[in-house]
Amino acid sequence: LIKPFQTERLSQAVTDVIAAQKVKAQPMEETHQASIPASSERSVQDPYFGGFIGSSPEMRTVYNLIESASKSDAGVFITGDSGTGKEICAEAIHKYSKRSDKDFVALNCAAIPESLMESELFGHVKGAFTGATEERIGAAQRADGGTLFLDEICDMHPDTQAKLLRFLQDQRFTKVGGDSEKKVDLRIICATNKDPFAAVREGSFREDLYYRLHVVPIHMPPLKNRGSDILDLAEFFLRRFSAEEEKDFIRINPDAENILMSYAWPGNVRQLENLIRQIVVLNEGQYIERAMLPASLQGEQMTDEGSADQVMGTSPTTLEDVERQTILKAIELYEGNITKAAEHLGVSPSTLYRKKTAWEKGSQSA
């Protein structure tokens, strides 16, 4: 708490701590249930809201936005780095909405080839194209009455963007190769790990589609900005993986906690989850100790001024520098194999390719 503070703020802080300690004291099975609310009666004051874990101010803001957005059918545009929980956010909005009894259908626009995207979105009739041996129901029809989540929307091809825009006008579509229109009633939630407005300026994302979808914006904070949520998440993953692997781990030692808290987490929650699982699988004991952490983490412990002692022997002054050197060091360790470096960091290879390309372009322009 930062002084001066109001009595209500102190009361809420104490309540949060008590709630968090009660959850930590629960058995593994009860903790897992606590992280997945059973109904829309769940309070945004709960540190385990909507499938998320954490009670930081940044996440409280997200919880309040989810609660407000779930009461409406307005389009939601979720932004944030890879691994920050954009799909969990979309699922929470659906879960607390009046559409919760219908399907939540997710479509990753970056993972589907352009030649198949329209079929995946709207379906196709038998014989519509080579290989279409039977009729297919698309995501829009499967989500009728519920929610359609379009992940990585900025990676959608411009031609498909135009078709999506037409669909949004009255939610009518025609299957690929078909000649009859179908009408559905669904809600659209989309997400991207890019800056959507920058994509509009570059011309890769339609401006009219952007404004049609960008009604309620929600930004997912990076893990490095979530404070003690890092430890709450780490302990949750520790209990879960310890039970799955039939290990005896119950806690994280303070020196290991300090390193987890000071690390930049370029891969966000997904990287933390993969790290804890790796530690549980490769080690024995009741406590996670500093020696069990990868050398790449131990070499990047932050000081109070926000600098870091890097494995590479330099001392960056910004978190961006820390992230860059972490990634470059991992690529170097795996002799340029970006796929293996991405697995080590707990992020997708496309994330490393994108960042590496951006850095190389920056060096060339300089």
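Every heavy atom of this structure was used, including side-chain atoms; hydrogens, water molecules and symmetry mates were not.
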Non-hydrogen side-chain atoms of [X] and [Y] separated by less than 4.5 Å:
{"X": "Phe241", "Y": "Phe236", "result": "no"}
{"X": "Leu223", "Y": "Thr84", "result": "no"}
{"X": "Leu297", "Y": "Trp265", "result": "yes"}
{"X": "Val105", "Y": "Thr147", "result": "no"}
{"X": "Ile112", "Y": "Leu121", "result": "no"}
{"X": "Asp232", "Y": "Phe237", "result": "no"}
{"X": "Arg142", "Y": "Phe104", "result": "no"}
{"X": "Leu107", "Y": "Phe149", "result": "no"}

Which atom names give the shortest non-hydrogen contact between [X] and [Y], and what distance separates them?
{"X": "Lys95", "Y": "Gly51", "value": "NZ-N, 4.4 Å"}
{"X": "Phe77", "Y": "Cys190", "value": "CD1-SG, 3.3 Å"}
{"X": "Val76", "Y": "Ile93", "value": "CG1-CD1, 3.9 Å"}
{"X": "Ser97", "Y": "Arg187", "value": "CB-NH1, 4.4 Å"}
{"X": "Leu148", "Y": "Ala139", "value": "CD1-CB, 3.8 Å"}
{"X": "Lys356", "Y": "Ile338", "value": "CD-CD1, 3.9 Å"}

Taking only residues two or more places apart in sequence, or in another chain, which ones meet [X] in a side chain to side chain contact (heavy atoms under 4.5 Å, CB included)?
{"X": "Asp144", "result": "Val184, Asp185"}
{"X": "Glu135", "result": "Lys175"}
{"X": "Ala256", "result": "Ile252, Ile288, Leu293"}

> His219: what forms a side chain to side chain donor-acceptor pair (under 3.5 Å) with it, not counting sequence neighbours?
Replying inline: Thr79
> Under the side chain to side chain donor-acceptor pair (under 3.5 Å) test, which residues partner Ser70, sequence neighbours left out?
Replying inline: none
[atom2] on [Y] to [atom1] on [X], rounded to 0.5 Å:
{"X": "Asp151", "Y": "Met156", "atom1": "CG", "atom2": "CE", "value": "11.0 Å"}
{"X": "Glu289", "Y": "Ile279", "atom1": "CD", "atom2": "CD1", "value": "11.0 Å"}
{"X": "Leu233", "Y": "Arg226", "atom1": "CG", "atom2": "CZ", "value": "5.0 Å"}
{"X": "Arg290", "Y": "Asp255", "atom1": "CZ", "atom2": "CG", "value": "6.5 Å"}
{"X": "Leu186", "Y": "Gln141", "atom1": "CG", "atom2": "CD", "value": "11.0 Å"}
{"X": "Ile250", "Y": "Gln286", "atom1": "CD1", "atom2": "CD", "value": "4.5 Å"}

Flag yes if more than 12 heavy atoms outside [X] fall under 6.0 Å of its [atom1] atom; otherwise flag no.
{"X": "Asp170", "atom1": "CG", "value": "yes"}
{"X": "Lys102", "atom1": "NZ", "value": "no"}
{"X": "Glu207", "atom1": "CD", "value": "no"}
{"X": "Glu181", "atom1": "CD", "value": "yes"}

Under the rule for salt bridge (charged side-chain N to carboxylate O under 4.0 Å, His left out), what residues qualify as partners of [X], not counting sequence neighbours?
{"X": "Asp208", "result": "Arg206"}
{"X": "Asp101", "result": "none"}
{"X": "Asp155", "result": "Lys194"}
{"X": "Glu244", "result": "Arg240, Arg277"}

Checking [X] side chain against [Y] main chain: does a donor-acceptor pair fall under 3.5 Å?
{"X": "Lys247", "Y": "Asn283", "result": "yes"}
{"X": "Thr61", "Y": "Pro57", "result": "yes"}
{"X": "Arg99", "Y": "Gly145", "result": "yes"}
{"X": "Lys86", "Y": "Asp81", "result": "yes"}
{"X": "His124", "Y": "Glu134", "result": "yes"}
{"X": "Ser242", "Y": "Arg239", "result": "no"}
{"X": "Asp248", "Y": "Gly285", "result": "no"}
{"X": "Gln161", "Y": "Ser204", "result": "yes"}

> For Phe173, which residues count as a ring-ring contact (aromatic ring centres under 6.0 Å, His included) partner, sequence neighbours excluded?
Replying inline: Phe122
Please tabulate, for side-chain N and O atoms in residues 209-217, each donor-acceptor pair with protein atoms closer than 3.5 Å (sequence neighbours left out).
residue : atom : partner : partner atom : Å
Arg212  : NH1  : Gln169  : OE1          : 3.4
Arg212  : NH2  : Leu168  : O            : 2.8

Single-linkage hydrophobic cluster, 4.5 Å side-chain cutoff, [X] and [Y] together:
{"X": "Ile78", "Y": "Phe197", "answer": "no"}
{"X": "Met261", "Y": "Tyr287", "answer": "no"}
{"X": "Ile327", "Y": "Val269", "answer": "yes"}
{"X": "Phe49", "Y": "Ile218", "answer": "yes"}

> Would Thr160 and Glu114 satisfy side chain to side chain donor-acceptor pair (under 3.5 Å), going step by step from the backbone distance to the final call?
Replying inline: CA-CA 8 Å; Thr160 309; Glu114 168 54 23; 2.9 Å; yes
> Under a single-linkage rule joining Ile, Leu, Val, Met, Phe, Trp and Tyr whose side-chain heavy atoms are separated by less than 4.5 Å, which residues share a cluster with Ile137?
Replying inline: none
> Using 4.0 Å as the upper bound for N to carboxylate O, is an ion pair formed by Glu235 and Arg251?
Replying inline: no
> Does the pair Leu65 and Val62 meet the rule for a side chain to side chain contact (heavy atoms under 4.5 Å, CB included), with working shown?
Replying inline: CA-CA 5 Å; Leu65 287 170; Val62 172; 5.6 Å; no
> How far apart are the C-alpha atoms of Tyr96 and Tyr63, what are their side-chain angles, what is the distance that settles it, and do they pass the ring-ring contact (aromatic ring centres under 6.0 Å, His included) test?
Replying inline: CA-CA 11 Å; Tyr96 297 138; Tyr63 300 161; 9.8 Å; no
> When you look at Lys182 and Arg172, which way does the side chain to side chain contact (heavy atoms under 4.5 Å, CB included) test go after all the steps?
Replying inline: CA-CA 5 Å; Lys182 293 186 179 295; Arg172 295 180 181 275; over 6 Å; no
